[in-house]
Amino acid sequence: MDHPISITLQGEVTVTVDGRAVPLPASRKARALLGYLAATGRPVRRERLCELFWDLPDDPRGSLRWALSKLRQVVDQNGVRRIVADRERVALQLDDVQVALRDIWMRLFDDPPIIPPGELREMAEAFERPFLEGLDAAGTEIFVNWLTAERDSVHLMYLNVLRRLALHPDLTPDEAARWARLWQEQAPLQEDPARALLGALIHAGRIEEARDFEKRFLQEVAEAGLETSGRLLPTRPERTDPRAPEPREPEPRRMLRKQTIGFCRAPDGVRIAYGKVGEGPPLVKAANWLNHLELDWNSPIWGKTFSACAQGRTFIRYDERGNGLSDWDVDEISFEAFVRDLETVVDALGLERFPLLGLSQGSAVCIEYAARHPERVSALVLAAGYATGWRIGASPEEQARREAVLTLTEHGWGTSNPAYRHIFSQTFMPDSKPEELSWFDEFQRQCTSPENAVRFQEAFGHIDVRDSLARVKAPTIVFHARDDHRISIEQGRELAIGIPGAEFVPLDSKNHILLGHEPAWRECVERIGDFLRRTGA
C-alpha cells in the first residue's frame, strides 16, 4: 500500500506528505498529542488525553479541541479525514499512514527471519535519536510516565536490532564486532552482548583485545555485585544463530501491540468496545468490575492473566458500558444491560459456539447468558463469582457497610487522593504488593466516573441468578479463594452446587483477584487449560 503520509517518532516528530515535510504546530503539547496518537494507533478517550496533557484548572477539553484543530491541518490531507473524534474518543486513522517505528516493531516481532543487513542498518540508524525528542515536559506526570515506558520499549527494539547485526552470518567479523560493541554499550552488564563481542573479536583475530575486554567486563560485573556463569571466552569460535529476537518485550506489552480493537452497538445504541488477541479457538471473557482494553495490559494485576488466556486461543474481551473505551454517558447500567452487552459482542463477532470466562460479577453475566443460549456456550469457567448481589444476600451489617462505601465513592472517587479507591483495592487484593495496590487505585479512577462507579455498585447489589443456575447445560468449573475478603467461598460453592455437574476448585489465597506471582494463580491457569482441553471447548 502506498503511504502518502509518513510520521517519524524517533527524534523530533515530523510529518511528510507526498515526500515534502509539513510544518507542525509550534505547541509542544499538540506535537506530543500527535506522537501519542500515532504511537498508540488506537481510539483514546478524551478524558485520558486531557489527563495526559493538561492540568486543571485550565480548560482541558477546550485545549484538546484547539490542539486537534491544529493537527487536522497537518494530517487531514488529500481530502482524507485522518483525525476522527466524537464526544467520547479520538483516533488517528493509520490505514494509509506510515509510522516507521510501528513498521520496525512488526518486522522484528511478528516473524523472526534473518533480516538483510542493509535493512537492519537503517533500523539501527533510526534509533540514534530519542523517541519523541524534546517533548519530555509537554504533558503531565501521567504523560511523562507513559513516555518513559515507551522509551524503554523502544530501547528493547534497539537492542534487538543490534543483536541481530552482531550475530548476522553475512557480516564480516570486524563489522560484527562494531555492532556487538554498540550492543554491549547499551547493555553493559549483560552476558549475551559481552559474549557476542568476544566471539566477533576472536573471529577477527583480535585475541588480545578479546582477553582485555573479558577481564574488564568480569571486573565491572563483580563491582556491581552481580554474578556471571564464569569465563566468557568461547573454546572455539562459533557464531550464534541470530534468528531468535532477543531481548523480547514483556509478553503482556507484546499482546497489547497485537490486540485489535473494534466497536459495536447494543440495542439501546450504547457503543461497546471489544478487543481480540491471539490465534486459535475463541475464549470470551465477560466484563467485570472496571475494565480498560488498553490499560489492563500494562497492569501488574491483569497482564499476566490475559497473556495466559491468549496462549493458543483468540482471547476476546470487552469494556462494559460506562467504563473503559465503551460509552460512559449511558442511560442504563443494570444487570440486564450487562447481559445484553455480552450478547451484542459475540453476535457482532459472529461467534457460534465458545467457552465463557467470568470473574467476580462477570460470573453471573456468564451464567445468565449460558442459561439463555445453551446452544452457544461450550464451557463455563467461573472464578470468585456469586449468584446474589449484596442487597439480596448480604447481612444487614454488610449492607450498611456497602451503603457507606457508596457515599464515599460518590464524593471522593474522582479526587487525586486514592484513599477512597483504596477501600476497594484492599478488599480485592489484601495480599498484593504495594506497587500492585497503587496501580489498581489509579487504574480504577481512569476507568470510569464517580457517578458510574456508584451506579455499578448499585447494579451489582441487585444481581440474582439463582433461578438460572439449574438451566446451565455447559460443562462448568468454579474457582474460589478460600479466604476471599470480598466474596465468601460459601457464595462460590453455592454456584457449583446449583449448576448441574459443576466442578468446584478451592484455591489457597486471600485475594479476590488472583495475582500472577502467587501459587494459586498458577494452579488456576493450569486447571483451566486442562478443563478446556478435556471438555473440547
Side-chain angles (χ1 to χ4, degrees), residues 285-290 301-302 305 308-309 335 355-368 370-371 379-402 405 423-433 436-437 440 456-457 460-470 472 474-532:
K285 174 190 169 293
N288 51 275
W289 169 248
L290 300 189
I301 299 165
W302 294 118
T305 297
C309 290
F335 179 69
L356 269 175
L357 169 63
L359 310 178
S360 193
Q361 85 277 357
S363 295
V365 175
C366 290
I367 289 167
E368 188 62 30
L380 210 54
V381 178
L382 310 176
Y386 53 90
T388 56
W390 60 271
R391 287 199 180 278
I392 298 172
S395 65
E397 294 78 13
E398 175 65 12
Q399 291 194 31
R401 188 182 71 83
R402 297 267 187 156
V405 169
I423 296 169
F424 298 95
S425 305
Q426 288 184 314
T427 58
F428 275 110
M429 303 169 296
D431 276 352
S432 60
K433 299 176 181 178
E436 292 167 336
L437 208 58
F440 195 58
F456 277 125
Q457 293 175 63
F460 300 160
H462 293 284
I463 287 175
D464 188 351
V465 294
R466 288 174 293 185
D467 291 341
S468 299
L469 297 177
V472 173
T476 302
I477 189 168
V478 179
F479 297 90
H480 213 101
R482 296 182 190 275
D483 299 309
D484 189 328
H485 282 209
R486 190 159 186 85
I487 303 297
S488 70
I489 192 172
E490 286 75 18
Q491 290 172 278
R493 191 176 288 114
E494 288 174 4
L495 292 182
I497 293 172
I499 297 175
E503 302 175 36
F504 183 67
V505 181
L507 300 168
D508 290 327
S509 176
K510 296 180 181 179
N511 294 322
H512 185 60
I513 299 175
L514 294 178
L515 302 172
H517 54 72
E518 56 179 326
W521 179 89
R522 174 61 60 188
E523 179 185 358
C524 184
V525 168
E526 291 176 353
R527 294 287 290 268
I528 290 174
D530 291 342
F531 173 74
L532 293 177

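In what follows, every heavy atom counts, from backbone to side chain, and hydrogens, waters and symmetry copies are set aside. Residue numbers start at 1 and run along the sequence shown. These numbers come from a predicted model, not from an experiment.
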How long is the straight-line distance from CZ of Phe479 back to SG of Cys524, given to the nearest 0.5 Å? 4.5 Å
So, for Gly492 and Val478, which heavy atoms are closest and what is the spacing to 0.1 Å? O-CG1, 3.6 Å
Restricting to non-hydrogen atoms, name the atom on Tyr386 and the atom on Val465 that form the minimum distance, rounded to 0.1 Å. O-CG2, 4.5 Å
CD on Gln491 to CH2 on Trp390, rounded to 0.5 Å: 13.5 Å
Salt bridge (charged side-chain N to carboxylate O under 4.0 Å, His left out) involving Asp530 - partner list, sequence neighbours excluded: Arg533
Rounded to the nearest 0.5 Å, what separation is found between the NE2 atom of His512 and the NE2 atom of His480? 7.0 Å
Please list, chain by chain and in numerical order, all residues satisfying side-chain hydrogen bond (donor to acceptor under 3.5 Å, both in side chains) with Thr388, sequence neighbours excluded. none
So, applying side-chain contact (heavy atoms from CB on, under 4.5 Å) with Ile463, which one of Arg391, Glu368, Gln361 is it? Gln361
Nearest-0.5 Å distance, CD1 of residue Ile513 to CG of residue Asn288: 7.5 Å
Once side chain to side chain contact (heavy atoms under 4.5 Å, CB included) is applied, do any residues pair with Ser509, and if so which ones, sequence neighbours excluded? Ala481, Asn511, Leu514, Glu518, Ala520
Any Leu469 side-chain heavy atom under 4.5 Å of Leu495 side chain: yes
From Glu526 CD over to Ile528 CD1, what is the distance, rounded to the nearest 0.5 angstrom? 10.5 Å
Give, for atom CD1 of Ile497 and atom CZ of Phe504, the distance between the pair rounded to the nearest 0.5 Å. 8.5 Å
Please give me the minimum heavy-atom distance between Leu532 and Ala379, naming the atom from each residue. CD2-CB, 4.2 Å
Taken in chain and number order and not counting sequence neighbours, the residues that satisfy salt bridge (charged side-chain N to carboxylate O under 4.0 Å, His left out) with Arg527 are Glu523
Quick one: side chain to side chain contact (heavy atoms under 4.5 Å, CB included) partners of Glu503, sequence neighbours excluded? Ile477, Phe531, Arg534
Can you find a pair of side-chain heavy atoms, one from Leu382 and one from Ile499, that are under 4.5 Å apart? yes
Check Gly358 against Ser363 and note the closest heavy-atom contact, atom names and distance. O-OG, 3.0 Å
Heavy atoms only: give me the nearest Trp521-Ala308 pair and the separation to one decimal. CZ2-CB, 4.2 Å
Quick one: side-chain hydrogen bond (donor to acceptor under 3.5 Å, both in side chains) partners of Arg466, sequence neighbours excluded? Asp464
Looking only at non-hydrogen atoms, find the nearest pair between Ala286 and Cys366 and report the distance. CB-SG, 3.6 Å
